[in-house]
Novice: 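Supplied in structure tokens, the structure appears directly below.
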Amino acid sequence: MLRFAPSPTGDMHIGNLRVALFNYILSVQREEPLLIRIEDTDQERNIPGKEKEIFEILALFGIEYQEQQFQSNNVRFHRAMALQLLQDKKAFNCFCAPETLEQKREAAKESKTAYRYDGACENLPAEAVIDNENPFTIRLKKPEHPITVIDIIKGESTFAPDDIDSFILMRADKFPTYNFACAVDDMLADVSLIIRGEDHLSNTPKQMAIHQALGYTKKIEYAHLPIILDNEGKKMSKRDDASSVKWLLEEGYLPEAISNYLILMGNKVPNEIFSLKEAVKWFDLKTLSKAPTRFDIDKLKFINREHLKGMDPKELSRYVGFADEEIGQLAKVFLEEAGTLKELRAKTGAIFAPKNVPDAFKEGYETLRDLTLKAPHFDDFDAYRDYLAKNSALSGDNFFKPLRILLTGAEHGPELGEIYTHIKNYIKEVVK
RNA sequence: GGCCCCAUCAUCUAAUGGUUAGGAUUCCAGAUUUUCAUUCUGGCCAUAGGGGUUCGAAUCCCCUUGGGGUCACCA
């Protein structure tokens, strides 16, 4: 069993999508089911409807899964496991007030040392626990030995007991913390391989410590993906537009191109342009770079353009707001200068929209428009061009600029002949 | 600051002890196209630094430097 475990607390991030993609690929390769687990145990941060958005994006990207669950439905298991750990003396009740802990953390920060739980409640006598009416959390006793994480991408890393610390399993509100819920659920779902972001690397020994305390001995494989960096080399945040899958989609990047890029980045691949289906055949976690990767929107655009070039014209035409194969062909001509659907829509839209003509070309524009309106149909651009040239007495820039604006609404663009081929049947509508 | 991870052109990567250190994206230049853009050709640009090991190091080891992640009753 593999799993993808997003929390419904914000927009789907490209980092999440990459994790989802890799989990999907590995689940297909290994012929194991994929579980989507919505981690919704933080009532305050959950955003209603986000889980629906997550499922929509998974569907849009062709990420198929076999099971889905909501972590909040598993709370009874989390509580049962916590109780067992308490009984086994692997965990203990902690009555430290949040403010007290916060003060200690501050003090640690000031003295430039790492904050560690001081064990204040670890050995409380039974009566002190029973008689205590204050709210409490449940902490796992830190492990006695170091824990080594074996990671498919990163190799081995060893964590000392002090760095794992006696961390909190159950909050005062009786809900599990992330690490506890995650560790229990992965165990219950019989997860065999966990693929997640590098930011979880330090959580892994904690979750392994929980498994050990619970007597769970199954070996789980781990793969922690290097983080995605922004242009400045910092972790991509929600503030970066490009980090939002929704934004990329709105900008006109194709799902196939986005997944292509997400699989390509920081990776060694047989060729640059490929489909998800193709990637399933050769994808290997081991070829991923260990170093963080910068998100390069230029490269994404290049890949997007390549996918657009290969798209069926009729389908492309629908994407740009028409339903005509000819317009799809026309859009492909504009792929020379446009790389996204949004840009393509602007280019093709401008052809049929009322034209904005600079004063310098106004006269020529009107002359050519009137001529075109009265002209017979020309199948061939050269014939059309010669006809206009002959009857207008315009030449050079004074001819081509207004003609280009007349036909495309822009001063620059692909060769007019190529454009003409695809709009000749609508020519009167275009110039009106 | 503690802990963990990482290090080849601006960016993403190739070269699994012996290459003129290769490719792609970006950028720039020339050619072509009766404008621009496209296209084609070409160009700029890298093994972070210092020590070892070795006949030979981008590649193995150590140190330094640099970068990133993480240190919540968030996930």
Side-chain angles (χ1 to χ4, degrees), chain A residues 5-10 16 38-42 44-46 71 94 96-98 101-102 105 108-116 135-139 149 151 153-160 162-165 167-182 196-206 224 226-229 231 233-235 261 264-269 271-273 287 289-303 305 333-338 385 389 395-401 403-404 410-418:
Chain A
S7 65
T9 54
N16 295 133
I38 304 292
E39 308 222 319
D40 57 349
T41 51
D42 187 339
E44 308 218 330
R45 288 171 159 238
N46 287 344
Q71 192 161 56
C94 174
C96 297
L101 295 171
E102 190 51 41
R105 238 192 308 275
K109 200 169 182 181
E110 264 175 49
S111 63
K112 298 229 180 231
T113 53
Y115 167 76
R116 290 287 118 86
F136 62 90
T137 60
I138 299 174
R139 287 178 186 268
V149 178
D151 185 280
I153 297 166
K154 302 250 167 197
E156 293 187 9
S157 331
T158 300
F159 296 83
D162 273 350
D163 294 322
I164 293 166
D165 210 7
F167 62 96
I168 293 177
L169 302 177
M170 296 293 286
R171 308 191 231 148
D173 65 3
K174 306 285 189 274
F175 277 85
T177 58
Y178 163 73
N179 274 311
F180 190 50
C182 183
R196 69 205 339 179
E198 188 182 19
D199 45 341
H200 285 289
L201 189 61
S202 56
N203 285 324
T204 300
K206 296 187 182 198
H224 291 92
I227 228 86
I228 298 175
L229 270 25
N231 261 335
K234 296 284 177 199
K235 185 182 183 181
Y261 179 62
L264 171 88
M265 70 188 313
N267 199 1
K268 171 184 168 180
V269 294
N271 52 311
E272 283 196 304
I273 308 300
T287 63
S289 160
K290 295 180 188 181
T293 310
R294 288 192 195 209
F295 185 85
D296 182 355
I297 194 124
D298 285 332
K299 190 83 176 190
L300 206 211
K301 195 177 240 187
F302 162 74
I303 290 169
R305 180 181 281 132
V333 173
F334 278 99
L335 243 25
E336 291 180 358
E337 52 176 7
R385 182 197 62 202
S395 66
D397 262 13
N398 287 328
F399 176 72
F400 279 99
K401 284 275 185 191
L403 178 58
R404 177 172 288 286
E411 288 188 55
H412 308 289
E415 207 166 282
L416 282 175
E418 276 198 75

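Residue numbering restarts at 1 for every chain, and letters A, B, ... go by the order of the sequence lines. Hydrogens, waters and symmetry mates are skipped; everything else that's a heavy atom, side chains included, is used.
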Novice: Could you pick out which residue, A:D163 or A:G413, lies toward the 5' side of RNA chain B when each is mapped onto its nearest nucleotide?
Specialist: A:D163
Novice: Check A:D296 with A:K299, please: is the shortest side-chain N to carboxylate O separation under 4.0 Å?
Specialist: no
Novice: Take atom OH of A:Y115 and atom C1' of B:C73, then tell me their distance rounded to the nearest Å.
Specialist: 11 Å
Novice: Please give the nucleotide sitting opposite B:U25 as a Watson-Crick or G-U wobble pair, both distances under 3.5 Å, or none.
Specialist: B:A10
Novice: Contact class for A:H200 (heavy atom, under 4.0 Å): base, sugar-phosphate, or nothing?
Specialist: base
Novice: Residues two or more places apart in sequence or in another chain: which of them pass salt bridge (Lys or Arg N to Asp or Glu O under 4.0 Å) with A:R171?
Specialist: A:D173
Novice: How far, in whole Å, is B:U34 from B:C27 if one measures between their P atoms?
Specialist: 25 Å
Novice: Whole-Å distance between B:C74 P and A:I168 CD1?
Specialist: 8 Å
Novice: What's the CZ-P distance between A:F167 and B:C74, to the nearest Å?
Specialist: 13 Å
Novice: Identify whether any heavy atom of A:K301 sits under 4.0 Å from a base atom; if not, whether one sits that close to sugar-phosphate; answer base, sugar-phosphate or nothing.
Specialist: nothing
Novice: Can you check whether A:R385 reaches A:F399 side chain to side chain, under 4.5 Å on heavy atoms?
Specialist: yes
Novice: What contact category does A:R105 fall into here, base, sugar-phosphate, or nothing, at under 4.0 angstrom with non-hydrogen atoms?
Specialist: sugar-phosphate
Novice: Please give, in whole Å, the distance from B:C71 P to A:Y178 OH?
Specialist: 11 Å
Novice: Can you tell me if A:K109 touches the phosphate of B:G2, counting only side-chain N or O atoms and a distance under 4.0 Å to OP1 or OP2?
Specialist: no
Novice: In this structure, how many angstroms lie between the C1' atom of B:U39 and the CD atom of A:E418, rounded?
Specialist: 10 Å
Novice: Just to be sure I understand the rule, does A:T9 reach a base, reach only the sugar-phosphate, or reach nothing, if contact means heavy atoms closer than 4.0 Å?
Specialist: nothing
Novice: Taking the P atom in each of B:C40 and B:A24, what is the distance between them to the nearest angstrom?
Specialist: 11 Å
Novice: Students often get this wrong, so: under 4.0 angstrom with heavy atoms, is A:F400 touching a base, only sugar-phosphate, or nothing?
Specialist: base
Novice: In terms of the nearest nucleotide of RNA chain B, which residue is placed more toward the 5' end: A:E337 or A:R294?
Specialist: A:R294
Novice: Between atom CZ in A:R404 and atom C1' in B:C36, what is the gap in whole Å?
Specialist: 7 Å
Novice: Measure the distance from CG on A:L229 to C1' on B:U70 and round it to the nearest whole Å.
Specialist: 15 Å
Novice: B:G1 pairs with which nucleotide, Watson-Crick or G-U wobble, both distances below 3.5 Å?
Specialist: B:C71
Novice: Which residues pass the side-chain contact (heavy atoms from CB on, under 4.5 Å) test with A:N231, not counting sequence neighbours?
Specialist: none
